**Student:** 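Below is a structure I'd like to ask you about.
Residue numbers start from 1 in every chain, and the chains themselves are labelled A, B, ... in the order their sequence lines are given, proteins ahead of strands. The structure displayed is predicted, hence computed values, not measured ones.
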There are 2 protein chains.
Amino acid sequence: MINILLVDDHQIIIDGLRGLLEEDDSIGNLYEAQNGLQTIQIAKAETIDLVLLDINLPDKSGFDICQELKKDENCPKIIALTMHGNAGYINKMIKSGVDGYLLKNTGREELLKAIQVVMGGNRYFSREVTDLLVAGIHEPKKPKSSDFIQKLTRREKEILKLIIDELTTDEIAAQLFISPSTVITHRKSLLRKLNAKNVAGLVKKAFEFGLLNE
Amino acid sequence: MINILLVDDHQIIIDGLRGLLEEDDSIGNLYEAQNGLQTIQIAKAETIDLVLLDINLPDKSGFDICQELKKDENCPKIIALTMHGNAGYINKMIKSGVDGYLLKNTGREELLKAIQVVMGGNRYFSREVTDLLVAGIHEPKKPKSSDFIQKLTRREKEILKLIIDELTTDEIAAQLFISPSTVITHRKSLLRKLNAKNVAGLVKKAFEFGLLNE
DNA sequence: TATTAAATCCCCATAAATGGGGAGAAAACA
DNA sequence: TGTTTTCTCCCCATTTATGGGGATTTAATA
């Protein structure tokens, strides 16, 4: 009997997963969490075998949760469940120690199969995911889109959010009580780290990689 | 017995909804569609009482689907089901004739309740949704965020997509075989229609309103 | 057919962002 | 403690975007 912790900030998805899983005989207790903090707490308090983890949570990033859970020896298996099939995402999650990665367009059959595989000690990635990974590997000349995202510093994330709020460099500088020159420097770092050519790229990556939720 | 058509491009959500609804006695046949075209086809071919509609579909926007379904006399009831609780979204959907609007953090109970209310001929909006609407109504001085989105023209959407692809004005002009001046004019229209101050705003709105899927 | 909407292009000017370089002080880390 | 990262600030110059006008042609529509 497998005890599973369902993590998603959308209740309907939790309920849906619950409905899918309850029918199966091999599934034991089902727990649920709507945010990162709850996830960590429940994982410590209860005996959880598997975590079905949505990456985009309001308080913590899936990456952080994954790493935090994996610190423990008897840590549960983790299958990431997300909307975006983004190579950067996937790479980052694998690096964080995830055991499986499914897109939310996965059906019931594949979900159950993935759970079995992962509980058997192996890793499971859905077809689309492996395709993306292979595509990333086969393009060593252009590692941009498939490359890991360099970690942004606190200040950089702060400025990125203000950029997304449509503030100009001067306005950001005024708000943070720093010089416009400094803001410009941070903007350059953001462009470099996120492999963006301009503000459009920054905002796009921020959405794609869920940087706003970190 | 209520026949329901489930529309979402994520199979797992369809399966989840199916699991939620199958248990209930009042629910009849369940159909499913992954995109706008399928939705229209099934709605015409089968006897559908209710459509649970996700707004962000790959081919058509929820707005268009809603309007198209509502053309018919015996049209089914429609409940929009979406991730984003965005006042602009909601306004647009109500304008399109939707009968209910739920966020995906809605639980099973509320979903079944909403179905009953809507099938009874009334409209149902979840708590968060009405809060957003009220907030929008109570701020007549600042109708920006809650205002309806002005419809973008084909060309404007085309240019918006290229902006999001990080192309500059000149690059866009070259790609579309038009003058940079024209691109500038379209950019101005985009900024005005989307109430954006700069490119960051354009990209953000494009994501928030799902304009990329239209 | 009259009217409206869309797409095209131009003028002007200013504001804002990008690209490349360097450099010091503070904080975090090993 | 020494090392690295982060945060801070500046120089230069160029590119790009924004703001406010106006105008014509074509296409759709009432």
**Student:** Closest nucleotide of DNA chain C for A:Leu191 versus for A:Asp170: which of these residues is on the 5' side?
**Tutor:**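 Of the two residues, A:Asp170 wins.
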**Student:** With the side chain of B:His186 defined as its heavy atoms from C-beta on, choose the nearest nucleotide among C:dT8, D:dC9, C:dT18.
**Tutor:**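 The closest nucleotide is C:dT8.
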**Student:** Measuring to OP1 and OP2 of D:dT6, would you say a side-chain N or O of A:Thr153 lies under 4.0 angstrom away?
**Tutor:**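 For D:dT6, neither OP1 nor OP2 has a side-chain N or O of A:Thr153 closer than 4.0 Å.
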**Student:** For a quick check, tell me whether the side chain of B:Thr185 and the base of C:dC9 share a donor-acceptor pair closer than 3.5 Å.
**Tutor:**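 Yes.
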**Student:** Take the protein atom CD of B:Glu166 and the nucleotide atom P of C:dA17, then report the distance between them rounded to whole Å.
**Tutor:**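 In whole Å, C:dA17 P lies 16 Å from B:Glu166 CD.
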**Student:** In terms of side-chain heavy atoms of B:Arg187, which of D:dA17, D:dC9, C:dG19 is nearest?
**Tutor:**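 Out of D:dA17, D:dC9, C:dG19, the nucleotide with an atom closest to B:Arg187's side chain is D:dA17.
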**Student:** Please determine whether a side-chain nitrogen or oxygen atom of B:Ser181 lies at a distance below 4.0 Å from atom OP1 or OP2 of C:dC10.
**Tutor:**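 Checking B:Ser181 against C:dC10: at least one side-chain N or O falls below 4.0 Å of OP1 or OP2.
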**Student:** Test side-chain contact (heavy atoms from CB on, under 4.5 Å) on A:Leu5 and A:Thr39 and set out the steps.
**Tutor:** CA-CA 8 Å; A:Leu5 171 58; A:Thr39 306; 3.9 Å; yes
**Student:** Please state how far atom CZ in B:Arg154 lies from atom C1' in C:dA6, giving the value in whole angstrom units.
**Tutor:**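 For the pair B:Arg154 CZ and C:dA6 C1', the rounded distance is 9 Å.
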**Student:** Tell me whether A:Gln175 contacts the main-chain N or O of A:Glu171 through its side chain, where contact means a donor paired with an acceptor under 3.5 Å.
**Tutor:**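 No, because the side chain of A:Gln175 does not come within donor-acceptor range (under 3.5 Å) of the backbone of A:Glu171.
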**Student:** Which whole-number value in Å describes the distance from A:Glu156 CD to D:dC7 P?
**Tutor:**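 Those two atoms, CD and P, are 6 Å apart.
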**Student:** Starting at CG of A:Leu190 and ending at C1' of D:dT6, how long is that distance when rounded to a whole Å?
**Tutor:**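 Whole-Å distance recorded here is 13 Å.
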**Student:** If you pin B:Leu176 and B:Ile184 to their nearest nucleotides in DNA chain C, which one's is more 5'?
**Tutor:**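 This one resolves to B:Leu176.
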**Student:** Closest approach to the side chain of B:Lys188, judged atom by atom: which nucleotide of D:dG19, C:dG19, C:dC9 is it?
**Tutor:**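 Ranking D:dG19, C:dG19, C:dC9 by closest atom to the B:Lys188 side chain puts D:dG19 first.
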**Student:** Any donor-acceptor pair under 3.5 Å linking the side chain of B:Asn3 with the backbone of B:Gly28?
**Tutor:**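 Side chain of B:Asn3 to backbone of B:Gly28, a donor-acceptor pair under 3.5 Å: no, none is there.
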**Student:** Using modelled atom types only, decide if a donor and an acceptor are shared between the side chain of B:Asn198 and the backbone of B:Gly201 within a distance under 3.5 Å.
**Tutor:**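 Here the side-chain-to-backbone pair exists.
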**Student:** B:Thr168 near the nucleic acid: base, sugar-phosphate alone, or nothing, with a heavy-atom cut-off under 4.0 Å?
**Tutor:**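 The answer is sugar-phosphate, as B:Thr168 gets under 4.0 Å only of primed atoms, P, OP1 or OP2.
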**Student:** Whole angstrom is fine here: how far is it from CG in B:Asn198 over to C1' in C:dT14?
**Tutor:**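 Computing the B:Asn198:CG to C:dT14:C1' distance gives 16 Å.
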**Student:** Would you tell me if any nitrogen or oxygen in the side chain of A:Ser179 comes within less than 4.0 Å of OP1 or OP2 on D:dT8?
**Tutor:**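 Indeed not, no polar side-chain atom of A:Ser179 lies that close.
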**Student:** Take atom CG of A:Leu202 and atom P of D:dA17, then tell me their distance rounded to the nearest Å.
**Tutor:**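 The distance from CG of A:Leu202 to P of D:dA17 comes to 14 Å, rounded to the nearest Å.
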**Student:** Tell me whether the side-chain N/O atoms of B:Thr169 come closer than 4.0 Å to OP1 or OP2 in D:dT16.
**Tutor:**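 Answer no for this pair, as no side-chain N or O of B:Thr169 is under 4.0 Å from OP1 or OP2.
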**Student:** What integer distance in Å separates A:Leu167:CG from C:dA15:C1'?
**Tutor:**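 Taking CG of A:Leu167 and C1' of C:dA15, I get 15 Å after rounding.
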**Student:** Tell me yes or no: between the side chains of B:Glu32 and B:Gln11, is some donor less than 3.5 Å from an acceptor?
**Tutor:**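 The criterion, which ignores hydrogens and geometry beyond distance, is satisfied for B:Gln11 and B:Glu32.
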**Student:** In whole angstrom, give the distance that lies between atom CZ of B:Arg192 and atom C1' of D:dG19.
**Tutor:**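 About 13 Å, once rounded to whole Å.
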